[in-house]
Amino acid sequence: MKTNSDYKGFIFDLDGVLVSTEHNHFLAWQKTANLLGIEFSEKENENLKGVSRVDSLKYILNLGNAILSDGEFNNLLDFKNESYLESIQHLTQQNCLKGVVETLTKAKVKGLKLAVGSSSKNAKRILKLIEIEDFFDTVVDGSMVEHLKPSPEVFLKAATNLGLSPSECLVFEDAASGIQAAKSGGFTAIGVGNENIKQLADKYYNDLTEFTF
Ligand code: G6P
Ligand code: MG
């Protein structure tokens, strides 16, 4: 059995692993759903963690049996994103989740390769806001792949960019779709900060302060 120190690269999901933006996504989706008269709870939002913007809106429309034209659909995508971006404009490094900066700093000192693998098309903007973009050798986001999580594509592309095979990388995830993506790509999946995924992940930590390597 490998230990955490046996891996050559770490690939991190962004939302919910490096930074606490999941509540912002939830509130923006709730506003969007309410525009259509659809109720949207935090429990329902659990199913949208790690899920792309387009698939998230499809999920919400399905909840309310709503059918929209392409134009209306795209307007709602823009509305959600604008309301999300407005809510995160004041993010700083203080909004990094517990243990993130320490883990990234230690990994760099140890010479590990570091990547972000995120479904979010806002990933680069957020990494800049929270001032951790310089830690990463590569950032693969939702605009760079054809298939998003639970497809492993985002993580496979990140590993390829790092010059590593999936078996040489640990993937850190807070969402069921992300754990599924990591495992189907042949990665070891570390669950962080979301007890709902404890059973799905290969290992689980409440936050990155518990992760030793
Ligand atoms: C992440 C989040 C999801 C979000 C998705 C797309 O995976 O966990 O909640 O829907 O990214 O984000 P974006 O910023 O492109 O709308
Ligand atoms: Mg996430």
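Position 1 is the first residue of the sequence, and the numbers go up from there. First listed ligand is number 1; within each ligand, the first listed atom is number 1.
Of all protein heavy atoms, the one closest to atom 5 (C) of ligand 1 is Val51 O, 3.2 Å. When hydrogens are left out, the protein atom nearest atom 2 (C) of ligand 1 is Glu22 OE2, 3.6 Å; that is the closest non-hydrogen contact. Here the heavy atom of the protein found nearest to atom 13 (P) of ligand 1 is Ser120 OG, 3.5 Å. The nearest protein atom to atom 1 (C) of ligand 1, hydrogens excluded, is given as Asp15 OD2, 3.4 Å; this is a heavy-atom distance.
In this structure, Lys2 is positioned above the aromatic face of Tyr7, its NZ or CZ under 6.0 Å from the six-membered ring centre and within 45° of the axis. By the 6.0 Å and 45° rule, Lys183 does not stack over the aromatic ring of Phe187.
Atoms of ligand 1 lying under 4.0 Å from at least one heavy atom of Gly50, given by number and element, are 2 (C), 3 (C), 7 (O), 8 (O). Close approach of ligand 1 to Asn122 is summarised as follows: ligand atoms under 4.0 Å from at least one heavy atom of the residue are 13 (P), 14 (O). Ligand-side atoms of ligand 1 in range of Leu48: 3 (C), 9 (O), range being under 4.0 angstrom from any heavy atom.
Checked by atom type, the side-chain pair Tyr204/Glu195 shows no donor-acceptor distance below 3.5 Å. In this model, no donor atom of one side chain and acceptor atom of the other lie less than 3.5 Å apart for Asn45 and His25. No hydrogens or angles considered: a donor-acceptor pair under 3.5 Å links the side chains of Asp15 and Thr21.
Both Phe213 and Leu114 belong to a common hydrophobic cluster when Ile, Leu, Val, Met, Phe, Trp and Tyr are linked at side-chain heavy-atom distances under 4.5 angstrom.
An N or O contact shorter than 3.5 Å is missing between Asn81 and ligand 1 by distance. For a threshold of 3.5 Å applied to N or O pairs, the pair formed by Trp29 and ligand 1 contains no separation below that value. Geometrically, ligand 1 and Ser52 share no nitrogen or oxygen pair separated by less than 3.5 Å. Remark: ligand 1 and Lys121 share an N or O pair separated by less than 3.5 Å (distance only, no angle test). Taking any N or O of Arg53, backbone or side chain, at least one lies under 3.5 Å from an N or O belonging to ligand 1.
For the Mg ion (ligand 2), the tally of protein N/O/S atoms lying closer than 2.8 Å stands at 3.
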May I have the step-by-step check of ring-ring contact (aromatic ring centres under 6.0 Å, His included) for Phe172 and Phe211, ending in yes or no? CA-CA 11 Å; Phe172 296 80; Phe211 173 75; 5.0 Å; yes

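Checked against ring pair (Phe, Tyr, Trp, His ring centres under 6.0 Å), His23 has the following partners two or more places apart in sequence or in another chain: Phe26.
Here the CD1 atom belonging to Ile60 is positioned 4.5 Å from the CZ atom belonging to Phe40, to the nearest 0.5 angstrom. If you take CG on Asn81 and OG on Ser120, they are separated by 8.0 Å, rounding to the nearest 0.5 Å. One finds the CG atom of Asp202 at 12.5 Å from the CD atom of Glu173 (value rounded to the nearest 0.5 Å).
Contact analysis leaves Gly142 out of contact with ligand 1, as no non-hydrogen atom separation drops below 4.0 angstrom. In this structure, Lys149 does not count as a contact residue of ligand 1, since none of its heavy atoms falls inside 4.0 Å of the ligand.
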In residues 156-165, what donor-acceptor pairs under 3.5 Å come from side-chain atoms, sequence neighbours left out?
residue : atom : partner : partner atom : Å
Lys157  : NZ   : Met144  : O            : 3.3
Thr160  : OG1  : Leu156  : O            : 2.9
Asn161  : ND2  : Thr138  : OG1          : 3.0
Ser165  : OG   : Ser167  : OG           : 3.1
Ser165  : OG   : Glu168  : OE1          : 3.3

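Looking at Thr188, its side chain never comes within 3.5 Å of a backbone N or O of Leu170 through a donor-acceptor pair.
The residue Leu14 has no part lying near ligand 1, judged by heavy-atom distances below 4.0 Å. If you look at Thr21 next to ligand 1, there are no close heavy atoms at all, none under 4.0 Å.
For residues 126-148, the salt bridge (Lys or Arg N to Asp or Glu O under 4.0 Å) pairs, not counting sequence neighbours, are Lys108-Asp137.
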